[in-house]
K.L.:
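Sharing a structure, written as structure tokens. Questions coming.
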Number of protein chains: 2
Amino acid sequence: MGQVDETNPEPAELLSRCFDILDAFCRGPAEKLTLADITRRTSLPKSTAHRLLASLVSLGALERTGPAYQLGLRMFEIGEHVTRKRDLREAALPFMEDLYEVTHQTVHLAVLDGTEVLYIERIQGHQKQRQLASRVGGRLPAYSTGVGKALLAFNPQTAAQIIKTGRLQARTPYTITNPKLLLEELAATRKTLLAFDRDENALGIHCVATPILANNQAVAAISVTGPANTIQEERIGSAIRTAALGIERTLGTNPPT
Amino acid sequence: MGQVDETNPEPAELLSRCFDILDAFCRGPAEKLTLADITRRTSLPKSTAHRLLASLVSLGALERTGPAYQLGLRMFEIGEHVTRKRDLREAALPFMEDLYEVTHQTVHLAVLDGTEVLYIERIQGHQKQRQLASRVGGRLPAYSTGVGKALLAFNPQTAAQIIKTGRLQARTPYTITNPKLLLEELAATRKTLLAFDRDENALGIHCVATPILANNQAVAAISVTGPANTIQEERIGSAIRTAALGIERTLGTNPPT
DNA sequence: TACTAGTGTTCCACGTGGCGGGACGTTCGG
DNA sequence: CCGAACGTCCCGCCACGTGGAACACTAGTA
């Protein structure tokens with residue numbers, strides 16, 4: 001019933017390479033890339049990259065100014081029509097606003113994609129200087145973030161995969177790199193429906209997270225993130241669970257994916 | 001200096017077709033499409049569409065559940081990295097919030113793309129039932145919208161093109177379909193920096209708009225939109241110009257594109 | 001000025017990989 | 001029981017994408 005196929009029938013070479021190029025713009029803060037940059041990041045032959053770039057530009061997927069390429073408005077337009085994101089966002093936003101109202105900390109909405117967490121939405125009041133690592137459309141490892149652990153708790157096969165492939169790299173001295181410890185935490189999260197991040201992803205930053213469940217699957221997670229000393233875990237825990245229940249109810253009214 | 005090339009060196013057929021498919025998801029409210037739907041919308045041979053869809057799925061550009069395809073998270077991720085949109089949004093959002101605070105009407109941010117207006121951002125308080133035609137990532141004709149006319153006023157060649165190709169279709173009885181009238185309005189907008197929409201795009205909806213200028217080019221436009229009787233043009237006009245100046249100043253601090 | 005190392009652009013013979021008509025299996029509604 | 005509409009699969013043909021190599025241009029260095 002409604003399974004997502006994960007086959008790999010050799011996508012057209014040309015296409016695959018084009019997406020490599022588009023992905024090149026999603027890594028690192030550099031957002032205008034030159035032909036040479038792209039050949040480096042994708043290790044494509046120069047002339048091939050050149051040709052593909054020309055095609056992408058003529059399709060509006062990229063825009064070119066002089067020697068610099070950047071993602072085009074057409075990609076934005078398509079991205080805004082991604083239903084999974086749209087539905088989630090619409091359902092979650094009001095409750096995220098409530099959470100912000102109560103906590104005055106940054107509120108995140110994220111989903112699991114592969115072994116990483118993809119941020120769908122973020123609310124932070126009036127652009128504080130607080131530079132968090134997160135960013136809408138950005139990715140972070142699942143095992144070192146609150147939302148990530150909330151999601152992993154309900155995706156045991158993904159958790160196992162992360163552990164098996166030895167991806168538990170320390171991002172701070174507090175990152176959990178011990179598989180057994182991580183699994184214990186995930187088990188606790190399954191019971192309390194809360195996940196925490198205490199300096200594990202960035203020093204001085206704490207976070208309380210909870211999954212959004214639908215049909216016993218974690219379709220997303222929300223979190224409240226901020227400076228260690230301002231995050232009161234019990235108080236935020238209640239608030240965030242309340243918000244999560246509201247979102248689940250809203251999602252339930254729409255026919256589930 | 002910094003011109004965008006608009007050449008057309010025959011993009012790879014395969015690629016062009018894939019974008020046709022992706023575009024198919026951006027038209028109409030239908031957001032899950034079946035193979036047959038897609039062959040209809042793109043008029044591709046069935047087997048070809050089938051193969052391309054499989055490729056797109058295996059790349060994560062599309063997701064498949066049973067017979068239904070929808071845009072994948074990867075497209076969202078890429079879309080969020082479109083710099084032109086990101087920079088504009090970041091610069092404009094605070095001022096748009098101020099505008100909302102003052103007017104309590106829907107606030108739009110849009111850019112010109114081809115002969116249409118592409119909506120980048122929208123603020124509307126607590127999800128009122130008010131269903132406007134606009135939508136983030138959506139398009140509307142430039143000539144019948146406030147933001148569109150604000151942008152056309154500073155893109156005379158595009159305005160000429162729209163008129164020449166006879167695209168002035170009436171969307172309501174009040175839509176301006178007379179080229180001369182439209183040009184006069186654009187000239188007025190160039191002087192006052194304000195554009196109006198009075199039932200021209202949708203009945204009962206008025207709108208006040210203004211361009212965001214950088215180097216004497218209109219890079220975007222903002223508008224305040226709402227029910228005809230609640231839009232006070234003079235008052236909103238001042239507010240929206242103030243906001244526009246703030247945005248222009250913010251954009252100016254970043255090196256212009 | 002000459003030289004080098006880095007860019008972006010163009011060309012073209014080669015052969016891979018995309019093409020799509022058509023056959024097949026399945027699920028509907030009548 | 002049949003036809004219609006859908007998704008899947010196959011396979012010979014040949015267009016089209018491929019990428020090495022040559023070219024052009026701009027620094028920066030000696």
Side-chain angles (χ1 to χ4, degrees), chain A residues 1-25 28 30-72 257, chain B residues 1-25 28 30-72 257:
Chain A
M1 49 170 274
Q3 290 297 355
V4 175
D5 305 5
E6 198 66 58
T7 54
N8 228 2
E10 307 207 15
E13 189 69 0
L14 168 62
L15 242 202
S16 160
R17 289 170 164 192
C18 282
F19 273 89
D20 287 346
I21 290 179
L22 294 178
D23 275 338
F25 289 90
E31 287 158 346
K32 289 200 178 188
L33 299 180
T34 165
L35 169 61
D37 294 336
I38 290 168
T39 59
R40 268 188 296 272
R41 292 203 189 187
T42 61
S43 55
L44 287 174
K46 201 181 10 169
S47 59
T48 301
H50 183 63
R51 183 165 22 87
L52 297 182
L53 284 172
S55 293
L56 288 169
V57 167
S58 84
L59 288 170
L62 297 180
E63 292 168 4
R64 176 178 184 175
T65 41
Y69 295 89
Q70 61 179 334
L71 290 172
T257 310
Chain B
M1 49 169 278
Q3 290 299 356
V4 175
D5 304 5
E6 199 66 55
T7 54
N8 228 1
E10 306 206 14
E13 189 69 2
L14 169 61
L15 242 201
S16 160
R17 290 170 164 193
C18 281
F19 273 89
D20 287 346
I21 290 179
L22 294 177
D23 275 340
F25 289 90
E31 288 159 343
K32 291 200 175 185
L33 298 179
T34 166
L35 170 61
D37 293 336
I38 291 167
T39 60
R40 267 187 296 272
R41 292 202 189 187
T42 62
S43 55
L44 287 174
K46 201 179 12 170
S47 59
T48 302
H50 183 62
R51 183 166 22 87
L52 296 182
L53 284 172
S55 293
L56 288 169
V57 168
S58 83
L59 288 170
L62 296 179
E63 292 168 5
R64 175 179 185 174
T65 42
Y69 296 89
Q70 61 179 334
L71 290 172
T257 306

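Labels below follow one simple rule: chain letters A, B, ... track the order of the sequence lines, proteins then strands, and each chain is numbered from 1.
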K.L.:
Check whether any side-chain heavy atom of Asp37(B) lies under 4.5 Å from a side-chain heavy atom of Tyr69(B), and answer yes or no.
P.N.:
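No - every pair of side-chain heavy atoms lies 4.5 Å or more apart.
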K.L.:
With side chains defined as the heavy atoms from C-beta onward, is the minimum distance between Thr39(A) and His50(A) less than 4.5 Å?
P.N.:
no
K.L.:
Quick one: side-chain hydrogen bond (donor to acceptor under 3.5 Å, both in side chains) partners of Arg17(A), sequence neighbours excluded?
P.N.:
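Checked Arg17(A) against side-chain hydrogen bond (donor to acceptor under 3.5 Å, both in side chains); matches are Glu13(A).
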K.L.:
Roughly how many Å is it from CD1 in Ile21(A) to P in dG17(D), rounded to a whole number?
P.N.:
14 Å
K.L.:
Would you mind reading off the distance between Leu53(B) atom CG and dG18(C) atom P, rounded to a whole angstrom?
P.N.:
15 Å
K.L.:
Between the protein and nucleotides 19-21 of chain C, which nitrogen or oxygen pairs come in under 3.5 angstrom?
P.N.:
unit_1, atom_1, unit_2, atom_2, d
dC19(C), OP2, Arg51(B), NH1, 2.6
dG20(C), OP1, Arg17(B), NH2, 3.1
dG20(C), OP2, Arg17(B), NH1, 2.7
dG20(C), OP2, Thr48(B), OG1, 2.8
dG20(C), N7, Ser47(B), OG, 3.2
dG20(C), N7, Arg51(B), NH2, 3.4
dG21(C), O6, Ser47(B), OG, 3.2

K.L.:
With a 4.5 Å limit on heavy-atom distance, are the side chains of Ile38(B) and Leu44(B) in contact?
P.N.:
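They are not in side-chain contact.
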K.L.:
Measuring from atom CZ of Phe19(A) to atom CG of Leu14(A), what distance do you get when rounded to the nearest 0.5 angstrom?
P.N.:
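Answer rounded to 0.5 Å: 10.5 Å.
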K.L.:
Please give, in whole Å, the distance from dT8(D) P to Leu35(B) CG?
P.N.:
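Spelled out: CG on Leu35(B) to P on dT8(D) is 7 Å.
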K.L.:
Map every base of DNA chain C to its dot-bracket character, where paired means a Watson-Crick or G-U wobble contact with both distances under 3.5 Å and | marks a partner outside the strand.
P.N.:
||.|||||||||||||||||||||||||.|
K.L.:
To the nearest Å, give me how far apart CG (Leu15(A)) and P (dT18(D)) are.
P.N.:
10 Å
K.L.:
Determine whether Leu56(B) and Leu15(A) make a side-chain contact, defined as any pair of heavy atoms from C-beta on separated by less than 4.5 Å.
P.N.:
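Counting from C-beta outward, Leu56(B) and Leu15(A) do come under 4.5 Å.
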K.L.:
Between atom OG1 of Thr48(A) and atom CG of Leu53(A), what is the distance when rounded to the nearest 0.5 Å?
P.N.:
10.5 Å
K.L.:
Counting only N and O atoms by type, is there a donor-acceptor contact under 3.5 Å from the side chain of Arg64(B) to the main-chain atoms of Gly66(B)?
P.N.:
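Such a contact is found between Arg64(B) side chain and Gly66(B) backbone.
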K.L.:
Round to the nearest Å and state the distance from Lys46(B) atom NZ to dT8(D) atom C1'.
P.N.:
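The distance from NZ of Lys46(B) to C1' of dT8(D) comes to 9 Å, rounded to the nearest Å.
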K.L.:
His50(A) has an atom NE2; how far is it from atom P of dC23(D), in whole Å?
P.N.:
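Those two atoms, NE2 and P, are 17 Å apart.
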